[in-house]
Amino acid sequence: AAQSFHWIDTGRGLAEARRVLAPGGHFTALWNHRDHHRSEILGETMEALRRMVPEYEHGYRARPWGEIICSTGEFRDVVSHQLPHMVPMTRARYLDLWRSNNRICTAAGDRMQAFLDEVGRLFDRRGVSTVDVPYVCRAWTAVASHGRSS
């Protein structure tokens with residue numbers, strides 16, 4: 001479940017994942033988290049977001065996913081991994097990154113364009129057309145519990 005597990009009903013989703021897996025199969029949930037502490041432009045983007053859309057909430061990133069995945073008994077023996085990586089982006093792709101975030105668009109409503117304009121000005125002030133966006137990929141993998149649900 002890449003970039004999506006936080007959208008589903010946990011109990012139903014984990015039961016279905018276990019149902020379709022072979023005995024001893026594995027389930028992985030992962031997210032690529034922007035690492036705004038490692039990039040000035042990303043840090044300034046987050047500051048603009050907090051200032052312009054203060055009700056934006058991305059708390060799902062801090063949830064105890066290992067515990068959640070094992071909470072229903074469908075999975076066990078969870079392990080977690082994280083890997084930092086960098087994604088080079090043009091100005092257009094960077095703006096699309098923010099434009100494609102449903103939570104931000106919903107929270108911002110008619111303020112979205114003003115936010116995107118502010119982000120574009122970050123590029124203008126630096127005189128750059130590309131930026132390296134640091135991420136940390138965080139993944140939790142667990143083994144399907146014994147037996148299979150029907």
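Note that the coordinates shown come from a computational prediction; the quantities given were computed from them, not determined experimentally. Hydrogens, waters and symmetry mates are skipped; everything else that's a heavy atom, side chains included, is used.
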Is [X] reaching over with its side chain to a backbone N or O of [Y], donor-acceptor style, under 3.5 angstrom?
X    : Y    : value
N101 : I104 : yes
T28  : T141 : no
T106 : R103 : no

side-chain contact (heavy atoms from CB on, under 4.5 Å) partners of V53, counting only residues at least two apart |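 Result, side-chain contact (heavy atoms from CB on, under 4.5 Å) vs V53: L49, E55, Y56, A107, A108, R111.
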Please name all residues satisfying side-chain contact (heavy atoms from CB on, under 4.5 Å) with T90, sequence neighbours left out, ordered by chain then number.
->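 T90 satisfies side-chain contact (heavy atoms from CB on, under 4.5 Å) with A92, R93, T130 only.
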Would you give me the side-chain donor-acceptor pairs under 3.5 Å for residues 132-140, sequence neighbours excluded?
unit_1 : atom_1 : unit_2 : atom_2 : d
R138   : NE     : Q82    : OE1    : 3.1

If you measure only the distance, is there a donor-acceptor pair under 3.5 Å linking the side chains of W65 and H6?
->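 Side chains of W65 and H6: no pair found under 3.5 Å.
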Group every Ile, Leu, Val, Met, Phe, Trp and Tyr by side-chain heavy-atom contacts under 4.5 Å, then state whether [X] and [Y] land in the same group.
X   : Y    : value
L97 : V128 : yes
V87 : L95  : yes
I68 : L30  : no
F75 : I8   : yes

I need the [X] [atom1] to [Y] [atom2] distance, nearest 0.5 Å.
X    : Y    : atom1 : atom2 : value
I41  : R125 : CD1   : CZ    : 9.0 Å
M89  : L42  : CE    : CG    : 9.0 Å
L122 : T45  : CG    : OG1   : 5.0 Å
H37  : D35  : NE2   : CG    : 6.5 Å
R91  : S129 : CZ    : OG    : 9.0 Å
S145 : R18  : OG    : CZ    : 6.0 Å

For E67, look at atom CD and say whether over 12 heavy atoms of other residues, nucleotides or ligands are found less than 6.0 Å away.
->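 No.
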Tell me, which pairs form a salt bridge (charged side-chain N to carboxylate O under 4.0 Å, His left out) where one or both residues lie in residues 77-89, sequence neighbours left out?
->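 Counting only pairs at least two positions apart or across chains, no salt bridge (charged side-chain N to carboxylate O under 4.0 Å, His left out) contact touches residues 77-89.
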Shortest non-hydrogen contact between [X] and [Y], atoms and distance:
X   : Y   : answer
T72 : G11 : CG2-CA, 4.0 Å
R51 : P54 : O-CD, 3.8 Å
R34 : W98 : NE-CH2, 3.1 Å

Could you list the residues that satisfy salt bridge (charged side-chain N to carboxylate O under 4.0 Å, His left out) with R50, not counting sequence neighbours?
->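 Residues passing salt bridge (charged side-chain N to carboxylate O under 4.0 Å, His left out) with R50: none at all.
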Looking at residues at least two apart in the chain, or sitting in another chain, which of them share a salt bridge (charged side-chain N to carboxylate O under 4.0 Å, His left out) with D117?
->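 So D117 forms no salt bridge (charged side-chain N to carboxylate O under 4.0 Å, His left out) with any residue.
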Please determine which of R126, R121, H36 meets the side-chain hydrogen bond (donor to acceptor under 3.5 Å, both in side chains) test together with E44.
->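 That would be R126; it is the only one of R126, R121, H36 passing the side-chain hydrogen bond (donor to acceptor under 3.5 Å, both in side chains) with E44.
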Heavy-atom side-chain proximity of F27 to V20 below 4.5 angstrom |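 Answer no - side chains too far apart.
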Relative to W31, does R63 satisfy both conditions: NZ or CZ under 6.0 angstrom from the six-membered ring centre, and within 45 degrees of the ring's axis?
->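 No.
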